[in-house]
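Accompanying notes for the structure given below.
Bear in mind that the values here come from a model prediction, so they are computed numbers and not experimental data. Read the numbers this way: they start at 1 and go in the same order the structure lists the ligands and their atoms. Values below: all heavy atoms of this structure, side chains included; hydrogens, waters and symmetry mates excluded. We count residues from 1, following the sequence as given.
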Amino acid sequence: MRPIQMVDLKKQYNKIKTEIDEAVLGVLESSAFINGKPVQDFANNLSIYLGIKHVIPCANGTDALQIAMMALGLEPGDEVITPSFTYIATTEVIALLRLTPVFVEVDSRTFCMDPASLEKVITVKTKAIVPVHLYGHAAPMDEIMAIAKKHNLFVIEDNAQAIGSDYYSSDGKKGKTGTIGDIGTTSFFPSKNLGAYGDGGAIFTNNDELAGKMKMIANHGQRKRYYHDMVGCNSRLDTLQAAVLNIKLKHLDEYIKARQGVADDYDKAFAGNTKITIPCRAKYCNHVFHQYTLLLDGVDSPHSYRDGLNEFLAQHSIPSMIYYPVPGHRQKMFEHFKSASVDLPVTDWLTERVISLPIHTEMDNDQLNFITSKVLEFVNR
Ligand SMILES: *Cc1c(COP(=O)(O)O)cnc(C)c1O
C-alpha cells in the first residue's frame with residue numbers, strides 16, 4: 001500500500017504531467033512571468049465554468065477576501081458578520097481592514113452559517129455578511145440572501161473550499177457557489193479542490209462597477225498606469241500558476257467526482273455507527289468534499305476521545321486533521337473585540353468533535369479500506 005496522505009498531489013501531477021510540463025515550459029520560453037497570456041485565458045475559462053461575468057485573479061484567497069471587502073466602501077467600525085467556525089483568513093481580513101468581525105453560529109449538521117442566528121446579530125452598523133462554504137458544503141444561500149436583501153447588506157461568499165459546487169435555489173435556478181452573493185472569493189492553494197503549484201486566488205462578480213473597482217485595488221489602485229485613484233495593494237496570479245490552473249480546471253469536474261466517490265465509500269463504511277456522524281449533504285447543494293469531516297459523539301469526553309482517534313490513526317501512519325482546533329471567537333487576535341466574548345455553543349460543540357479524514361483525487365481502495373477499518377477498530381473497541 002502506498003503511504004496515505006491527507007492530499008496526494010504527486011500522483012495527481014503524474015497523471016497530467018505531459019500537459020503540465022508543456023504548459024510550464026511554454027511560460028518559461030515566453031518569459032512573460034507576470035500578466036502573461038495564460039492569466040487572462042484562465043480568468044476567461046473560469047468565468048465560463050462558473051457562469052459569472054467577471055473573474056479577477058489575485059495572489060491568494062486571503063487577498064481575494066481583502067480586496068472584496070476593500071471594494072465595498074466600508075468605514076472603520078462597520079460590522080461584518082462571519083462564522084467563527086472557519087479558517088482564520090475569513091475573519092482576519094475583517095480586523096485587518098479596521099472593520100469589526102461579528103461571529104455568528106453555524107448549523108451543527110452543515111457546519112455552515114445558521115440563518116436564524118444571523119438575523120439576531122444584525123445591527124445598524126452591519127454592512128456585510130461573509131458566509132463560508134465550509135469543507136465543500138454550501139451555506140444556505142437562499143435564506144442568507146433574503147436576510148441580506150431585507151437589511152440591505154452586501155454578501156461575500158468565501159468559496160475557497162467549495163469551487164465547482166452546484167447550488168440549487170428554491171426558485172429552481174441552479175448556479176455555482178461563489179456566484180450567488182455580490183462577490184465570491186476563492187483560493188488556489190495547492191491542496192484546495194482547484195489547486196495551483198503555489199499560491200493563487202480569484203474574485204468573482206456579476207457587478208461591473210465592483211469588478212472595475214476590485215481590478216483597480218488589486219493593481220495599486222490604478223485605472224491607468226501610474227495614475228492611482230485610490231489606495232490598493234499588489235495582488236497578482238503569476239503566469240506559471242495560471243498555466244497550471246488552465247489545465248487543472250479542465251479536470252475539476254472529474255476531480256470532484258473522485259472526491260465524492262471517496263466520500264461515498266466512507267459513508268457506507270460508517271453508516272449506522274452510533275459514535276460517528278457522517279457529513280450531511282443538504283439537498284440544496286452538491287457537496288464537493290474539500291474535506292471529509294466526521295463528528296464523534298456519544299462518548300463521555302468527546303474532545304479527548306476525538307484527539308484519541310487522531311493519535312490512534314497517526315500510530316498507523318494515517319493522517320487526520322482537526323479543522324479547526326480553535327474557533328475565531330476564541331482566538332487571541334480577536335480578544336479585544338466584544339464579539340469575541342459571545343456564546344457560540346454549537347461552534348464550541350463542533351470544535352470538540354470534528355475530525356477530517358484523508359480525501360483527495362488519487363485514493364486507492366486498499367488505502368480507503370485500511371483507513372475505515374482503523375477508524376472502526378477505534379470506535380468499536
Ligand atoms: C484556504 C482558505 C482561505 C485562504 O486562502 P489562501 O490562498 O491560503 O490565502 C480562505 N478561506 C477559507 C475558508 C479557506 O479554506
min-distance protein heavy atom vs atom 4 (C) of ligand 1 -> T62 OG1, 3.6 Å
Could you tell me which atoms of ligand 1, counted from 1 in the order shown, lie closer than 4.0 angstrom to a heavy atom of N60?
7 (O), 9 (O)
Are the charged groups of E19 and K250 less than 4.0 angstrom apart, N to O?
yes
Kindly confirm or rule out an N or O of G61 lying under 3.5 angstrom from an N or O of ligand 1.
yes
So, R2 and E362, do they make that salt bridge, N to O below 4.0 Å?
no
So for K192, does at least one of its heavy atoms come nearer than 4.0 angstrom to any atom of ligand 1?
yes
Look at atom 3 (C) of ligand 1 and find which of Y87, Y135, F189 reaches it with the closest heavy atom.
Y87
Among all protein heavy atoms in this structure, tell me which lies nearest to atom 13 (C) of ligand 1, with the distance rounded to 0.1 Å.
D158 OD2, 3.4 Å
Would you mind checking if R281 and D267 are paired as a salt bridge, meaning a charged N to carboxylate O distance below 4.0 Å?
yes
Would you say Q161 and ligand 1 have an N/O pair spaced under 3.5 Å apart?
yes
Is there a side-chain contact between V104 and D114, using heavy atoms and a 4.5 Å cut-off?
no
Please determine whether a side-chain nitrogen of the Lys or Arg among D78 and K125 lies less than 4.0 Å from a carboxylate oxygen of the Asp or Glu.
no
Does D364 come within less than 4.0 Å of K11, counting only side-chain N to carboxylate O?
yes
